[in-house]
Amino acid sequence: MGTFHSIFSRILRAEAEKLGYGHDFTIYDQGDSRSLVKTIIKEMGLDEKQYVHTSVADRISMAKNHLLTPQAYARGEQAKLDMQKHTPEIKNIYERYAARCKQANAMDFDDLLLNTYMLFAQHDEIRLNYADRFRYILVDEYQDTNFVQQAIVMQLTREHRHICVVGDDAQSIYGFRGANIDNILNFTESFGDAKSFKLEQNYRSTQMIVQAANSLISHNVRQIPKKVFSDNEKGDKIVFKQAYSDREESAIVCKEIKNLMKREGGGFGDFAILYRTNSQSRSFEEEMRKENIPYRVFGGLSFYQRKEIKDIIAYFRLVTNPNDEEAFRRVINYPARGIGDTTMTKIAMASNAHDASLWSIVCQPVFYGLELNKGTLAKLEKFCLMVSQWKEKLHMLDAYQLGQEIIRDSGISKEIYGKHEPEDLARQENVVEFLAGMQDYVESRREEGLLDNVFLPDFLQEVAMLTDLDSDSEDEDGERVSLMTIHSAKGLEFPTVFIVGLEDNIFPSPMSSDSVRGLEEERRLFYVALTRAEKRCFLTCAQNRFRYGKVEFGNPSRFLEDIDPAYIRMELIGNTDSYRWPMTYRKSVGNNHDEKPGWMQNPHPVASQFKADPMRRMVPPKQERPMPPNLSSTFIEKIETVKLLHLKPMPRINKSELTTEIADGVSDICVGSIIEHQRFGVGTVIMLEGLGENLKATVQFDNSGIKQLLMKFARYKVVKR
């Protein structure tokens, strides 16, 4: 019993000599493989920006998982595609890589599969020996198997055909890793005499959640028909809440967690927040820190601990305080500018000898006797000039404007946006989210009248406070709310689940939008999210978010209409009718989510290239995506809605403190007015003070708490005067 890799490694240990290896061969992990590829690229004198070693290593990995040897790769369509992409040397890198592994008596993880297949294909007596030994084969999680794993299973079962596979096609969500759902969908075709046994009882969730999940997944065309049921209690309907902004969305979730704990007891560990991409954790992390809710980011780092974010913040710290040694060391050669360890050692020695900061040494190398060649001195001078120019703008540009400039001119944007592998796309999303957070911070402080000008030091102080209040502040029993991507949540369960960010440019992912196959995998991912919930499930989305330097209006996810309205309850929050069911409004906004500032342009290969290249891991986003279909009026009429009115008592107001009961110069607003704010949502004006440009309104928002708004900057509309 074991994983494919562990069992096949044992077989290969015993049979290694048949393939020209020693029995004591080494197994390379991903880091070893990538390091060797990087070495080969250098030895071949190739441009490392054109031949990114991680991308090339992944390309080789996918080739092996499609049973393509170096020779087969060079003869096939893959080499032709590499020519089109101006990377014709990948076939030669692959050939050298395979030869070097063989020379070193080493196999990587993909070799454990490829070489097992080749062993059985080239030595039929060995295949028959193991087929006879393993007369009954069971494969678990069969929906997650890939091409080569399926091929080896077929080799071992060719004669006796004693095979049992267990899996759920509705939970096949790893296509981006090479998993092939066709393996389970076509199993009865591969084994014509197979019998199917459907395990349809769900022991985890309430009947309502199971029925909602069934109605969702029924929209997938390619699936094994099932009727999952539950004998648990009927349970509550799934609740859908639409926020005005991502900020209000996180406030709604935190408020609901506190209300449920107060009403029903339990601990923070009973709650999970699931999102499509890691970058979405930021707003929830920040809100939970403010609300003193302990949490953990499951299967990943907290937002501000991610490498690309720490790199950017290090630049910000250096610009604010050039004597910051830790920040200096982190960014002096990132992105790579030819200032290596030897140079840093000399700089550090001069710093210790003269009791001066590293920054002082590199800005005046001659004065401090720093012995370096002219080329290195020129690189240091260029770095100092770049940082000094930013420092001059420290109190000229606001934090967001200067932050954008630093990310662009430092080379970070080029470094991060120049690659297109899954991990690179995740880094890009994190940078976009970070900039959105910066812009939100600047706009909010300005609008709330807290700061006339919001500069980079102000933002850094806020970030320092947030990171200092990290999840170490947990309650006594150590329970925390779990934050994770839906992929990380597979196999887990929680009494209460929040599925957030249900907007059409987020979930489904834009990368899935050019094919039915991609959309069906995204729908399966939503199915997995729903079925993590035991008792309660909440769905949320936001009408607008800061993205790419502007407020973007999003359409709620097309998947929401896939759920039978009998299983959903909408909660309308506030004294306004502006909350309406997804996609029945904002049709005129258009699809502006693909627009990015020029320095963030992220060119992708065209979709037709992907279709000719089945090994590519990601489907590139389409530049123009069709709008989701309008919801039928019948669907909207059927859904249950609950309007939550203002029930909290109005605070006492000392009228002598008010300038006027009706705002001077703002005739449409007075104490008691209900306003709809772009980011904070619906609120009631409880106080007005000041005159003209200094007019301020204190507003009690339903979900965002009490805010004081400087009216000349406030973005709102009056719902009720």
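This is a predicted model, so every value here is computed, not measured.
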Closest contact, heavy atoms only, [X] versus [Y]:
X	Y	answer
A399	V442	CB-CG2, 4.0 Å
S283	D246	OG-O, 4.1 Å
I499	V497	CG1-CG1, 3.9 Å
I238	A212	CD1-CB, 3.4 Å
L397	F455	O-CD2, 3.2 Å
D702	K255	O-NZ, 2.5 Å

* To do: Check side chain to side chain contact (heavy atoms under 4.5 Å, CB included) between S673 and all other residues, then give those that pass, not counting sequence neighbours.
  => I669, C670, V685, R721

Checking the side chain of [X] only, and the main-chain atoms of [Y] only, is there a donor and an acceptor separated by less than 3.5 Å?
X	Y	answer
N703	E249	no
Q242	Q543	no
R446	V454	no
K234	M208	no
D564	Y567	no
Q439	F546	no
N544	Q678	yes
N232	S205	yes
Q401	D398	yes
E248	Y244	yes

Can you tell me how far apart [atom1] ([X]) and [atom2] ([Y]) are? Round to the nearest 0.5 Å.
X	Y	atom1	atom2	answer
T531	K490	OG1	NZ	9.5 Å
S509	I506	OG	CD1	10.0 Å
I293	C254	CD1	SG	4.0 Å
I257	M288	CD1	CE	4.0 Å
T684	Q700	OG1	CD	7.5 Å
L216	E561	CG	CD	12.0 Å

Does any non-hydrogen side-chain atom of [Y] lie less than 4.5 Å from one of [X]?
X	Y	value
K237	I568	no
Y315	D311	no
F240	L502	no
F498	F284	no
E287	V253	no
V719	V682	no
T540	E256	no
L456	M438	yes

* Give me the one residue out of K290, R282, R289 that meets side-chain hydrogen bond (donor to acceptor under 3.5 Å, both in side chains) with E286. => R282

* **K258: partners by side chain to side chain donor-acceptor pair (under 3.5 Å), with sequence neighbours left out** => E291

* To do: Just do the side chain to side chain contact (heavy atoms under 4.5 Å, CB included) check on F298 and L492 with the steps written out, would you?
  => CA-CA 11 Å; F298 190 94; L492 303 178; 3.8 Å; yes

One thing to verify: whether [Y] and [X] come together as a salt bridge, which I'm taking to mean a side-chain N less than 4.0 angstrom from a carboxylate O.
X	Y	answer
E447	K707	no
E676	K717	yes
D562	R523	yes
E443	R679	no

* To do: Might you work through the side chain to side chain donor-acceptor pair (under 3.5 Å) test for S444 and R247, ending with a clear yes or no?
  => CA-CA 11 Å; S444 297; R247 171 181 282 204; 3.0 Å; yes

* Asked: Given K535 and T496, is the side chain to side chain contact (heavy atoms under 4.5 Å, CB included) satisfied, shown in steps?
  -> CA-CA 6 Å; K535 296 180 179 179; T496 301; 5.6 Å; no

* Residues in salt bridge (charged side-chain N to carboxylate O under 4.0 Å, His left out) with E534, at least two apart? -> none

* To do: Under the salt bridge (charged side-chain N to carboxylate O under 4.0 Å, His left out) rule, collect the residues that match up with R536, sequence neighbours excluded.
  => E264

* Asked: Any luck finding a side-chain donor-acceptor pair between S488 and T485 under 3.5 Å?
  -> yes

* Is it the case that R532 and S482 place a side-chain donor and acceptor less than 3.5 Å from each other? -> no

* Test ring-ring contact (aromatic ring centres under 6.0 Å, His included) applied to F526 - qualifying residues, sequence neighbours left out -> F507

* To do: Decide side chain to side chain contact (heavy atoms under 4.5 Å, CB included) for E285 and Y304; before the verdict, give the C-alpha distance in whole Å, the side-chain angles of both, and the deciding distance to 0.1 Å.
  => CA-CA 10 Å; E285 289 187 59; Y304 289 102; 5.6 Å; no

* Asked: F680 vs F701 aromatic rings, parallel, tilted or perpendicular, using cut-offs 30° and 60°?
  -> tilted

* Give me the ring orientation class for Y441 and F459: parallel if the planes are under 30° apart, tilted from 30 to 60°, perpendicular past 60°. => perpendicular

* **Step-by-step side chain to side chain contact (heavy atoms under 4.5 Å, CB included) determination, N430 to F434** => CA-CA 6 Å; N430 286 335; F434 178 74; over 6 Å; no

Listing, residues 268-278 side-chain donor-acceptor contacts under 3.5 Å, not counting sequence neighbours, or none:
unit_1 : atom_1 : unit_2 : atom_2 : d
D270   : OD2    : G267   : N      : 3.1
Y275   : OH     : M484   : N      : 3.3
R276   : NE     : E522   : OE1    : 3.1
R276   : NE     : E522   : OE2    : 3.3
R276   : NH2    : E522   : OE2    : 2.8
T277   : OG1    : S279   : OG     : 3.2
T277   : OG1    : Q280   : OE1    : 3.1

